[in-house]
Amino acid sequence: MSKKIIFTDKAPAPIGPYSQAVLINDTTLYTSGQIASNPITGELILDSIEVETEQVMQNLKALLDAADMTFDNVVKATIFIMNMGDFARINAVYGKYFNEEIAPARETVQVATLPKNVNIEISVIAVR
């Protein structure tokens, strides 16, 4: 097995003992959960759930780019949210990043709390 750590300064730096993403055998990418942290300033972007989701998706895009992949390579997404009432608004932003005909499998789970008290966290698995 070949394991390559993916790191880019275009996504938030890890805040603990984990990698931004891991590429296995140059084919399968596992990202860590991304929150709405500005990768340059480190500030949280919490203006609205739409703006927050947009930042999360941009952080995921940066990780996919760093592995020479796109959202078309994503086969699985996991979404953790604080309020299931935000689902439709989150979905509207999330959906802009995917071709609906080849959209990934996904689950969305409401949780009690998330790191830094954000409202959303998303991770993906992508395959080349």
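- Sequence neighbours left out, not one pair with a member in residues 14-65 passes ring-ring contact (aromatic ring centres under 6.0 Å, His included).
- Across Ser37 and Gly42, no two heavy atoms sit closer than the pair OG-O, 3.5 Å.
- With Thr28 contributing its side chain and Ile24 its backbone, the two residues share no donor-acceptor pair below 3.5 Å.
- When side chains are defined from C-beta on, Phe7 does not count as touching Ser19, because their heavy atoms never get closer than 4.5 Å.
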Are Gln20 and Ser32 close enough, and set up right, to give a side chain to side chain donor-acceptor pair (under 3.5 Å), and what steps lead you there?
CA-CA 5 Å; Gln20 289 174 318; Ser32 290; over 6 Å; no

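- Ion pairing between Lys4 and Asp26 fails under the 4.0 Å rule for side-chain N and carboxylate O.
- When the side chains of ILVMFWY residues are joined at heavy-atom separations under 4.5 Å, either directly or via intervening members, Ile49 and Ile79 end up in a single hydrophobic cluster.
- Using a 4.5 Å cut-off on side-chain heavy atoms (C-beta onward), Glu107 and Lys76 make contact.
- Atom OG1 of Thr31 and atom CG of Leu64 lie 7.0 Å apart (nearest 0.5 Å).
- Here Asp72 pairs with Thr70, Asn99, Ile102 under the side-chain contact (heavy atoms from CB on, under 4.5 Å) rule; sequence neighbours left out.
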Under 3.5 Å, which donor-acceptor pairs do the side chains of residues 113-127 form with other protein atoms, sequence neighbours left out?
{"residue": "Thr113", "atom": "OG1", "partner": "Asn117", "partner atom": "OD1", "Å": "3.3"}
{"residue": "Asn119", "atom": "ND2", "partner": "Glu52", "partner atom": "OE1", "Å": "2.8"}

Evaluation steps, side chain to side chain contact (heavy atoms under 4.5 Å, CB included), between Glu54 and Lys96
CA-CA 10 Å; Glu54 184 71 35; Lys96 294 187 310 184; 3.5 Å; yes

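- Taking CG of Leu46 as the reference point, atom CD of Gln55 lies at 10.0 Å (rounded to 0.5 Å).
- At distances below 3.5 Å, not a single donor-acceptor pair connects side-chain atoms of Asp86 with backbone N or O atoms of Arg89.
- Rounded to the nearest 0.5 angstrom, Leu63 CG and Leu29 CG are separated by 7.0 Å.
- If you take CG on Asn59 and NZ on Lys10, they are separated by 13.0 Å, rounding to the nearest 0.5 Å.
- Atom CE in Met69 sits 14.5 Å away from atom NZ in Lys61 (nearest 0.5 Å).
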Can Val22 and Ile6 be said to form a side chain to side chain contact (heavy atoms under 4.5 Å, CB included), step by step?
CA-CA 6 Å; Val22 177; Ile6 301 296; over 6 Å; no

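- In this structure a side-chain-to-backbone donor-acceptor pair under 3.5 Å is missing from Thr8 to Ala11.
- No chain of hydrophobic side-chain contacts below 4.5 Å, direct or via other Ile, Leu, Val, Met, Phe, Trp or Tyr residues, connects Ile45 to Val93.
- Here Tyr97 pairs with Phe71 under the ring pair (Phe, Tyr, Trp, His ring centres under 6.0 Å) rule; sequence neighbours left out.
- The backbone N or O of Glu43 lies less than 3.5 Å from a partner atom in the side chain of Thr41, making a donor-acceptor pair.
- A distance of 4.5 Å separates CD1 in Ile81 from CE in Met84, rounded to the nearest 0.5 Å.
- For Asn91, the side-chain contact (heavy atoms from CB on, under 4.5 Å) partners at least two apart in sequence or on another chain are Phe87, Tyr94, Arg106.
- Taken together through direct or relayed side-chain contacts under 4.5 Å among Ile, Leu, Val, Met, Phe, Trp and Tyr, Val109 and Ile35 form part of one hydrophobic cluster.
- Remark: Thr27 engages Asn25 in a side-chain contact (heavy atoms from CB on, under 4.5 Å) (not counting sequence neighbours).
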